[in-house]
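Residue numbers start at 1 and run along the sequence shown.
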Amino acid sequence: MTDNFRKLNIHFDAAALRDAYEFAITNIGFSGDLVNCISVTSTDIEDIEQRGVFWTKNDEYEEIQVEKLVNEHAYNIFVPVLMNTYLKNVYDTLSKHYKLGRVRILKLDSRTCLSYHRDPENRLHIPIITNPGAMMIVNDESFHMKADGSVYYMNTTDYHTALNGGDSPRIHLVATILDESNEEELYEVYGGD
C-alpha cells in the first residue's frame with residue numbers, strides 16, 4: 001500500500017460495468033469541449049460542471065488556480081436515465097463507505113495525457129476499459145489500473161496526471177471523495193500486477 005494508490009476491498013463485475021458504459025454511451029454520450037465526460041450524478045440545476053477547480057504550475061513554477069470551485073456536495077442526484085443500470089449498484093455500494101461528490105465516466109483518448117495538476121479532493125477510480133499504456137502518475141510514482149472490476153483510491157490532492165500511451169481509449173468511472181472517515185477497512189496492500 002502506498003499513500004498515492006490503494007486497491008480497495010470492493011470488487012465489481014467487469015462485464016456488467018462495460019455493459020452499463022455501453023448503455024451510457026448509447027443513451028447519453030460523451031459531452032464537453034475539454035473533457036470527455038458522462039455525468040453519473042447531477043445537481044438540481046441544469047448546468048453540470050464537467051471540470052472543477054484545480055491547481056497547476058506555470059512556466060515559472062508558480063502555482064496557479066484553474067477553473068472555478070464546484071460545489072461537489074450538490075452532486076447528489078443519480079442521473080435518471082442510468083437508474084436501471086449496474087452503475088446504480090456501483091454508486092450505492094460506494095456510497096455506503098464514502099460521501100461522494102461528482103461521479104463521472106471519463107475517457108482519455110489514445111496517445112494523450114492530462115495536465116500535471118492537483119485537485120481539492122481525492123478520487124476513486126474504477127477502470128472500465130484500459131490498455132497497458134494507460135498510467136496514472138502521482139508525484140514520481142506511476143501506476144497502471146486494470147479493468148477487472150477493482151476499485152482504486154487515488155491521492156489527487158498531490159500533483160498528478162493521467163496518460164494513455166496505448167492505441168485505444170481509456171475509460172474510468174471516477175468518483176470524488178468528500179468524506180474519507182470510513183475508509184481504512186477498505187484498503188488492501190497492492191501486491192503488483
Undergrad: May I ask you to test the Thr93-Val151 pair for a side-chain heavy-atom distance under 4.5 Å?
TA: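 The answer is no; the side chains never approach within 4.5 Å.
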
Undergrad: Applying side-chain hydrogen bond (donor to acceptor under 3.5 Å, both in side chains), run through Asn155 and Asp3 and close with a yes or a no.
TA: CA-CA 7 Å; Asn155 173 13; Asp3 289 336; over 6 Å; no

Undergrad: Between Thr161 and Cys113, which heavy-atom pair has the shortest distance, and what is it?
TA: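 Minimum heavy-atom separation between Thr161 and Cys113: OG1-CB, 4.4 Å.
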
Undergrad: If every non-hydrogen atom of His172 is compared with every non-hydrogen atom of Pro127, which pair is closest and at what distance?
TA: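 Smallest heavy-atom distance, with atoms named: CD2-CA, 3.5 Å.
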
Undergrad: Is it the case that one hydrophobic cluster holds both Val81 and Phe78, taking links as side-chain heavy atoms less than 4.5 Å apart, direct or via other members?
TA: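 Yes.
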
Undergrad: To the nearest 0.5 Å, what is the distance between OH (Tyr75) and OG1 (Thr43)?
TA: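 Spacing of OH (Tyr75) from OG1 (Thr43) equals 5.0 Å.
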
Undergrad: What residues, two or more places apart in sequence or in another chain, satisfy side chain to side chain donor-acceptor pair (under 3.5 Å) together with Asn164?
TA: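 So Asn164 forms a side chain to side chain donor-acceptor pair (under 3.5 Å) with Asn131.
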
Undergrad: What residue among Lys99, Arg102, Arg104 forms salt bridge (charged side-chain N to carboxylate O under 4.0 Å, His left out) with Glu72?
TA: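 Output: one option passes, namely Arg102.
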
Undergrad: Tell me, please, which residues at least two apart from Lys88 pass salt bridge (Lys or Arg N to Asp or Glu O under 4.0 Å).
TA: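 Salt bridge (Lys or Arg N to Asp or Glu O under 4.0 Å) list for Lys88, sorted by chain: Asp92.
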
Undergrad: When rounded to the nearest 0.5 angstrom, what is the spacing between CD1 in Ile126 and CG in Leu8?
TA: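 If I round to the nearest 0.5 Å, the distance is 8.5 Å.
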
Undergrad: Yes or no on side-chain contact (heavy atoms from CB on, under 4.5 Å) for Thr176 and Arg123, after CA distance, side-chain angles and deciding distance?
TA: CA-CA 5 Å; Thr176 300; Arg123 307 283 194 260; 3.5 Å; yes

Undergrad: Side chains of Met135 and Leu163: closer than 4.5 Å at any heavy-atom pair?
TA: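 Of all side-chain heavy-atom pairs linking Leu163 with Met135, at least one is under 4.5 Å.
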
Undergrad: One thing to verify: whether Asp167 and Arg111 come together as a salt bridge, which I'm taking to mean a side-chain N less than 4.0 angstrom from a carboxylate O.
TA: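 Yes, charged N to carboxylate O under 4.0 Å.
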
Undergrad: Is there a side-chain contact between Lys107 and Ile171 (heavy atoms, below 4.5 Å)?
TA: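 Yes, close enough: below the 4.5 Å cut-off.
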
Undergrad: Rounded at 0.5 Å granularity, tell me how far CD1 in Ile38 sits from CG in Asn27.
TA: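 So the gap between those two atoms works out to 10.0 Å.
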
Undergrad: If the plane angle is over 60° it's perpendicular, under 30° parallel, otherwise tilted; pick one for Phe12 and Tyr86.
TA: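 Perpendicular, since the angle between the ring planes exceeds 60°.
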
Undergrad: Nearest heavy-atom pair of Tyr98 and Asp179: which atoms, and what distance?
TA: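 Result for this residue pair: CD2-O, 3.6 Å.
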
Undergrad: Under the rule for ring-ring contact (aromatic ring centres under 6.0 Å, His included), what residues qualify as partners of Tyr116, not counting sequence neighbours?
TA: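 Result, ring-ring contact (aromatic ring centres under 6.0 Å, His included) vs Tyr116: Tyr159.
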
Undergrad: Under a 3.5 Å distance rule, please check whether Asp13 uses its side chain to pair with a backbone N or O of Ala16 as donor and acceptor.
TA: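 Yes: the side chain of Asp13 pairs with the backbone of Ala16.
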
Undergrad: If you take all heavy atoms of Met154 and Phe5, which pair is closest and at what distance?
TA: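 Smallest heavy-atom distance, with atoms named: CG-CE2, 3.9 Å.
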
Undergrad: On a heavy-atom basis, which atom in Thr130 and which in Met145 lie closest, and how many Å separate them?
TA: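 Answer, listing the atom of Thr130 first, then Met145: CG2-O, 3.6 Å.
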
Undergrad: Report yes or no: do Ile129 and Phe23 belong to one cluster of Ile/Leu/Val/Met/Phe/Trp/Tyr joined by side chain heavy-atom distances under 4.5 Å?
TA: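 Cluster IDs for Ile129 and Phe23 match.
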
Undergrad: For His144 and Pro132, which heavy atoms make the closest approach, and how far apart are they?
TA: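 For His144 and Pro132, the tightest heavy-atom pair comes out as CE1-CA, 4.0 Å.
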
Undergrad: Set out, in order, the CA-CA distance, both residues' side-chain angles and the distance that settles side-chain contact (heavy atoms from CB on, under 4.5 Å) for Asp158 and Arg118, then state yes or no.
TA: CA-CA 5 Å; Asp158 278 353; Arg118 69 178 182 87; 5.8 Å; no

Undergrad: For Asn58, I'd like to know if atom CG has over 12 heavy atoms of other residues, nucleotides or ligands within 6.0 Å.
TA: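 Yes, CG of Asn58 has more than 12 neighbouring heavy atoms, counting only those of other groups under 6.0 Å.
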
Undergrad: Output the distance between atom CG (Leu94) and atom CG (Leu173), rounded to the nearest 0.5 Å.
TA: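 One finds 7.5 Å between CG of Leu94 and CG of Leu173.
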
Undergrad: For Thr2 and Asn4, run side-chain hydrogen bond (donor to acceptor under 3.5 Å, both in side chains): C-alpha distance rounded to whole Å, both residues' side-chain angles, the deciding distance at 0.1 Å, then the answer.
TA: CA-CA 5 Å; Thr2 72; Asn4 295 322; 5.1 Å; no

Undergrad: Looking at CG of Leu82 and OG of Ser39, how far apart are the two atoms once the value is rounded to the nearest 0.5 Å?
TA: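 That separation rounds to 9.5 Å.
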
Undergrad: Do Leu87 and Ile25 belong to the same hydrophobic cluster, where Ile, Leu, Val, Met, Phe, Trp and Tyr are linked whenever their side-chain heavy atoms lie under 4.5 Å apart, directly or via other members?
TA: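 Cluster IDs for Leu87 and Ile25 match.
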
Undergrad: With a 4.5 Å cut-off on side-chain heavy-atom distances among I, L, V, M, F, W and Y, is there a chain of contacts connecting Leu124 to Ile10?
TA: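 As far as the 4.5 Å side-chain criterion goes, Ile10 and Leu124 are connected within one cluster.
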
Undergrad: Does any part of the side chain of Val103, heavy atoms only, come nearer than 4.5 Å to the side chain of Tyr91, both counted from C-beta?
TA: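 They are in side-chain contact.
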
Undergrad: Between CG of Leu106 and CZ of Phe30, what distance do you get to the nearest 0.5 Å?
TA: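 The distance works out to 8.0 Å.
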
Undergrad: How about Ser142 and Met136: do any of their side-chain heavy atoms sit closer than 4.5 Å?
TA: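 When only atoms from C-beta onward are counted, Met136 and Ser142 do not touch, as no gap falls below 4.5 Å.
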
Undergrad: Under 4.5 Å between side-chain heavy atoms, counting indirect links through other Ile/Leu/Val/Met/Phe/Trp/Tyr residues: same cluster for Leu114 and Val138 or not?
TA: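 No, separate clusters.
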
Undergrad: For residues His117 and His160, determine if any side-chain heavy atom of one lies less than 4.5 Å from a side-chain heavy atom of the other.
TA: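 They are in contact (side-chain heavy atoms under 4.5 Å apart), so the answer is yes.
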
